[in-house]
There are 2 protein chains.
Amino acid sequence: MTKQTKTATGRSRAEDIADRLREAIHAHRLTPGTKLSEDEVGGIFDVSRTTTRAALQLLAHEQLVSIEPNRGAFVASPSIREAREVFEARALLEPRTARSAAERATAADIALLREHIDAEHAAMREGDSGRALMLSGEFHIQIAKIADQDTIEDFIRQLISRSSLVIALYWRRQNALCESHAHDALIEALARGDGVAAEELMSSHLVDLLSLLDLRQTPPGSLSLKDALA
Amino acid sequence: MTKQTKTATGRSRAEDIADRLREAIHAHRLTPGTKLSEDEVGGIFDVSRTTTRAALQLLAHEQLVSIEPNRGAFVASPSIREAREVFEARALLEPRTARSAAERATAADIALLREHIDAEHAAMREGDSGRALMLSGEFHIQIAKIADQDTIEDFIRQLISRSSLVIALYWRRQNALCESHAHDALIEALARGDGVAAEELMSSHLVDLLSLLDLRQTPPGSLSLKDALA
DNA sequence: GAGAACAGGATTGTATACGAAATTAGCCGA
DNA sequence: TCGGCTAATTTCGTATACAATCCTGTTCTC
């Protein structure tokens, strides 16, 4: 059990661990400020610190965790400024991407999106806000995928990751992340192939999201451990 | 000489190495396809493979090098598709960023830009095309800096890095990278605080750049080793 | 003579080990 | 009782060591 004979999956173990951590962060099961000790993480996944370190470095480059020299790795807690920047960058990238998507979307793409949004609504009804948030993010990523621009998709993926942190810190009303139906409207525009409408809808959707954040002061007490007192 | 007692510079050794490699790539002293063996690189900088590995992983995440499992790290050679995507992403980000920059630029910013462009012209006159290219990239980064959006600046920085690879592979005429004066015009717009003009100039500058690439077929013989036959 | 199997060498993937830095706790003195 | 200094512990930064994989050159068989 402690020994691990097989090595090769073709995919590095570090990326697997990074994926698991990323997912936990997206679902808000790991909150900003949480310390990610190399020993601890390595123990959980039963790998050495070398591998753990590689995973953490990966996430650090995505700015999902911040590594402080000689102090360790923590789940990142974006400042107010960073929070604004993330949404400004999204406002720059996503509307035009939505337009491209509308111009390229196939029937299969639309079907997948509808399927996806059903899952979103289901999660919302069940009150599983963590899952709902994750699905909501994936919706944006799926649109980027349809636009078929890998590079931009990567950027958007990163921004959505960080948005998840921003929401964890600055969301105004904890419980109900409002059922805005913005995604439904977007799908309709995509289905019609109406690029201009899609661009406009995405743009205002992002403005809406931003307006639901409270970016006027330092984050509330959701920080863990001593970071709350630092 | 072989022992390295002092450890702490506050900045990790891996990042220093990554910087050095990045610079070499930007200046086209390392060309796409070149193998970056961990032993070799580690030997050059007199660090162990562990540190080398971290540096390479960093660059891999910027897509400046590609790491093939069990094969090693190579200077990335972007495909034609990637090349297009990089410039499409730049077209999405940089014009609006230039507009922001125009609206925020101080006299000091403008002075710095003028200084920078003088260096560009000097390098061009001396025929040092590697240096000229590097400075040209930094010019774009400086504009992003003026816009004061760290997140977007990071993206642009990445894209410019990759542009350097694209240019190494697909530039049409090897020797003269044409003196286009596009940067001069941009500075004038920024100095006037004319955001709309800056946005438009940046946009057409990028189109110009793209049009100087030959993206119709697989890259010429600048690939090294077996990658050329793969 | 050509193709396939095999052995040797080289290179990467991962783990363990050691040294340095920072935090924490304890102690002493004012 | 509280502030500052020192020692101990914890955790990170880097190097070294071992195992697995891939590449290359040779040899064996048909």
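Nothing here was measured: the structure is a model prediction, and the numbers come from that model. Lettering follows sequence order; numbering is per chain, from 1.
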Could you state the atom-to-atom distance from [atom1] of [X] to [atom2] of [N] in whole Å?
{"X": "B/R13", "N": "D/dC12", "atom1": "CZ", "atom2": "C1'", "result": "17 Å"}
{"X": "B/E38", "N": "C/dT14", "atom1": "CD", "atom2": "P", "result": "11 Å"}
{"X": "A/I67", "N": "C/dA22", "atom1": "CD1", "atom2": "P", "result": "16 Å"}
{"X": "A/D39", "N": "D/dG13", "atom1": "CG", "atom2": "P", "result": "12 Å"}
{"X": "B/L56", "N": "C/dT12", "atom1": "CG", "atom2": "P", "result": "9 Å"}
{"X": "A/F74", "N": "C/dA22", "atom1": "CZ", "atom2": "P", "result": "14 Å"}
{"X": "B/N70", "N": "D/dC23", "atom1": "CG", "atom2": "C1'", "result": "12 Å"}
{"X": "B/F45", "N": "D/dA15", "atom1": "CZ", "atom2": "P", "result": "13 Å"}

When you check the phosphate oxygens OP1 and OP2 of C/dG13, does a side-chain N or O of B/R53 lie under 4.0 Å from one of them?
yes
With a 4.0 Å cutoff (strictly under), does any side-chain N or O of B/T51 reach OP1 or OP2 of D/dA15?
yes
Against the side chain of B/R71, the closest entry in D/dC22, C/dT12, C/dA15 is D/dC22
Counting N and O atoms only, with roles assigned by atom type, does the side chain of B/S163 sit under 3.5 Å from a partner on the main chain of B/L159, one being a donor and the other an acceptor?
yes
Looking only at atom types and distance, does a side-chain atom of A/H116 sit under 3.5 Å from a main-chain N or O of A/L135, one as donor and one as acceptor?
yes
Using heavy atoms to find the nearest nucleotide of DNA chain C for A/V47 and B/G72 separately, return the residue whose nucleotide is more 5′.
B/G72
By side-chain contact (heavy atoms from CB on, under 4.5 Å), B/A24 pairs with (sequence neighbours left out) B/R29, B/L30
Between N or O atoms, less than 3.5 Å apart, protein on one side and nucleotides 16-18 of chain C on the other: list the pairs.
{"from": "C/dT16", "atom 1": "O4", "to": "A/T50", "atom 2": "OG1", "distance (Å)": "3.2"}

With a 3.5 Å cut-off and no angle check, do the side chains of B/Q57 and A/Q57 form a donor-acceptor pair?
no
Check: A/P78 and A/R162 side chains under 4.5 Å, non-hydrogen atoms
no
Between B/L58 and A/H61, what is the shortest heavy-atom contact and its length?
O-NE2, 4.2 Å
I'd like to know if B/D109 and B/K145 make a salt bridge, using a cut-off of under 4.0 Å between side-chain N and carboxylate O.
no
